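Here the structure is laid out as structure tokens; the discussion comes afterwards.
These numbers were taken from a predicted model, which means no experiment stands behind them. Each chain gets a letter, A, B and so on, in the order its sequence line appears, and its residues count up from 1. The figures here come from the full heavy-atom set of this structure, side chains too, leaving out hydrogens, waters and symmetry mates.
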2 protein chains.
Amino acid sequence: MDTALDRAVRVFRERGYHATSIGDLTAAMRLATGSVYKAFRDKHAVFLAAFERYTTLRQQQTSNAAARGANGRERLRNVLLSYVEHSRGSEGRRGCLVVGSAVELSAVDPVVGARVNAQLKTNENFIAGLIREGLADGSIPRHVDVEDTARLMICITQGLRVVGKARLPLDGERLVDVAMKLLA
Amino acid sequence: MDTALDRAVRVFRERGYHATSIGDLTAAMRLATGSVYKAFRDKHAVFLAAFERYTTLRQQQTSNAAARGANGRERLRNVLLSYVEHSRGSEGRRGCLVVGSAVELSAVDPVVGARVNAQLKTNENFIAGLIREGLADGSIPRHVDVEDTARLMICITQGLRVVGKARLPLDGERLVDVAMKLLA
DNA sequence: TTTATTCGGGAACAATCATTCCCTATTATC
DNA sequence: GATAATAGGGAATGATTGTTCCCGAATAAA
């Protein structure tokens, strides 16, 4: 069942919510129509489950990226690098469910809107935490503002997904080197 | 006719392409179904026309913002500020057609994908031009890399629209002050 | 072995979609 | 002033959508 949900995630990422018919879903999930409606109330419920699965998986991936860093600054750098890598190439073209949901559904679907909002805040808090770690261990200068820098970095990460979906080439090392100036 | 197209722009910005029925379009444009199909070949053609109208209008707005600046650095700062203002509040919730198209259509619609890609490059070139002006007039330090900085700033602007659509509050002065560190 | 019960599959359904067709005014042409 | 041409409006159409219903196989209970 979780593997079916993973396939649903993939379809929703590629095509978005409205362009994904339940025919597309059943084909991708390798389930019949009836079976999908036995497991989920409706298409909206499938999407919500896919959204949750996607965000928990992504959370793990960025946490792992952060873990490979000796201090706050390095952990933050690794997170940014991880974001660029996920926004590049075929994975980037596949898209981000959070960005997709924000753009396509946030304004018209209050339930999805609330989840997107919560997820962005979670991500922002995670980055803010890394900045605070850097302030504490001395790898980030004292005068850096935590909230403002974290919010701008969220903008960068979300923007990376948009630009990656549009197939502009992204060079991780170079972009991150520029972005790290925000911690000067 | 142009005023009808403006209304179409608004609907597409708010709901995206797939969630906008031609019933929504006719209601917004105040035209009957037949009239829409006399003016445009199909729904896709309406969207393309709306997209072009939106981008030319936005181009003008950011050009005007840039014009109110004494040197390259100030012009760039005004452009960023303008982007934040357009990503805030009700205008921000309305969304950006370029970001929306990139996320919803870029991967599945080659025609729209090409236009989105071209528009992003145009925006990037505009920003790169401002950076070069700043390098020439001395308001931006010599060691700033034009291409990398411009690409990251495009990520910031696109990310602002995503975050604004998700209704996170954006403080223009503070965010731009942080972003201007990229020109250090 | 026989009988319930659950589970997956797919045909049938109603609603909605984009699109076409035709009718009616209004304007332009002769 | 009569007629052709155009522009706009809305009903009809066929395809596609999300959803429900029912059937058959497999498993569990008796």
Side-chain angles (χ1 to χ4, degrees), chain A residues 1-54 95 97 100-101 103-113 115, chain B residues 1-54 95 97 100-101 103-113 115:
Chain A
M1 168 54 65
D2 263 357
T3 135
L5 202 53
D6 281 326
R7 296 195 232 263
V9 167
R10 182 159 171 161
V11 182
F12 279 130
R13 286 177 61 192
E14 287 172 352
R15 304 159 100 105
Y17 180 77
H18 289 290
T20 302
S21 72
I22 83 116
D24 295 330
L25 272 178
T26 56
M29 298 169 89
R30 285 172 235 223
L31 289 174
T33 356
S35 306
V36 171
Y37 277 87
K38 280 224 174 66
F40 303 94
R41 187 157 38 81
D42 52 14
K43 180 184 170 185
H44 195 258
V46 181
F47 184 79
L48 253 44
F51 184 89
E52 188 166 330
R53 180 152 180 85
Y54 175 78
L97 250 196
S101 305
V103 171
E104 194 187 356
L105 297 173
S106 220
V108 286
D109 185 331
V111 176
V112 173
R115 306 225 177 174
Chain B
M1 169 53 66
D2 263 357
T3 134
L5 203 53
D6 281 326
R7 295 194 235 263
V9 168
R10 184 160 170 161
V11 183
F12 278 130
R13 285 177 62 191
E14 286 171 352
R15 304 158 100 105
Y17 180 77
H18 289 290
T20 301
S21 72
I22 85 115
D24 295 330
L25 273 177
T26 57
M29 298 169 89
R30 285 173 236 222
L31 289 174
T33 0
S35 308
V36 171
Y37 277 87
K38 280 229 172 65
F40 304 94
R41 188 155 38 83
D42 52 15
K43 181 184 169 185
H44 195 260
V46 181
F47 184 80
L48 253 43
F51 184 89
E52 187 166 330
R53 180 154 181 84
Y54 175 78
L97 250 195
S101 306
V103 171
E104 194 187 357
L105 297 174
S106 219
V108 286
D109 185 331
V111 177
V112 173
R115 306 225 178 174

For a quick test of reading the model, state the closest non-hydrogen atom pair linking A:Gly95 to A:Arg13 and the distance between them. O-NE, 2.6 Å
Using the test side-chain contact (heavy atoms from CB on, under 4.5 Å), find all partners of B:Arg10 that sit at least two apart in sequence or belong to another chain. B:Glu14, B:Arg94
Return the value, rounded to whole Å, for the distance between atom CG of B:Leu31 and atom P of D:dG8. 7 Å
What's the CE-C1' distance between A:Met29 and C:dG9, to the nearest Å? 15 Å
Which atom pairs, one a donor and one an acceptor, fall under 3.5 Å between side chains of residues 26-38 of chain A and the rest of the protein, sequence neighbours left out?
residue : atom : partner : partner atom : Å
A:Thr26 : OG1  : A:Ile22 : O            : 3.1
A:Thr26 : OG1  : A:Gly23 : O            : 2.9

Identify the two heavy atoms, one from A:Ser106 and one from A:Gly113, that lie closest to each other, and give their separation to 0.1 Å. OG-CA, 3.6 Å
In whole angstrom, give the distance that lies between atom CZ of A:Phe40 and atom C1' of D:dG18. 16 Å
Write down the protein N/O and nucleotide N/O pairs, taken from nucleotides 17-21 of chain C, whose separation is under 3.5 Å; answer none if there are no such pairs.
residue : atom : partner : partner atom : Å
C:dA18  : OP1  : B:Thr20 : O            : 3.3
C:dA18  : OP1  : B:Lys43 : NZ           : 2.8
C:dA18  : OP2  : B:Ile22 : N            : 2.6
C:dT19  : OP2  : B:Tyr37 : OH           : 2.6
C:dT19  : OP2  : B:Lys43 : N            : 3.0
C:dT19  : O5'  : B:Tyr37 : OH           : 3.3

Only distances under 3.5 Å count here; give the side-chain donor-acceptor pairs of residues 40-52 of chain A to other protein atoms, sequence neighbours excluded, each with its distance to 0.1 Å.
residue : atom : partner  : partner atom : Å
A:Asp42 : OD1  : A:His44  : N            : 3.4
A:Asp42 : OD1  : A:Ala45  : N            : 3.1
A:Lys43 : NZ   : A:Tyr17  : O            : 3.1
A:Lys43 : NZ   : A:Thr20  : O            : 2.8
A:His44 : NE2  : A:Asp109 : OD2          : 2.5

Residue pairs meeting salt bridge (Lys or Arg N to Asp or Glu O under 4.0 Å), one or both in residues 15-26 of chain B, sequence neighbours left out, come to B:Arg15-B:Asp24
Give me the atom names and distance for the closest heavy-atom approach of B:Val112 to B:Ser101. CG1-CB, 3.8 Å
Would you tabulate the nitrogen or oxygen pairs shorter than 3.5 Å linking the protein to nucleotides 4-6 of chain C?
none

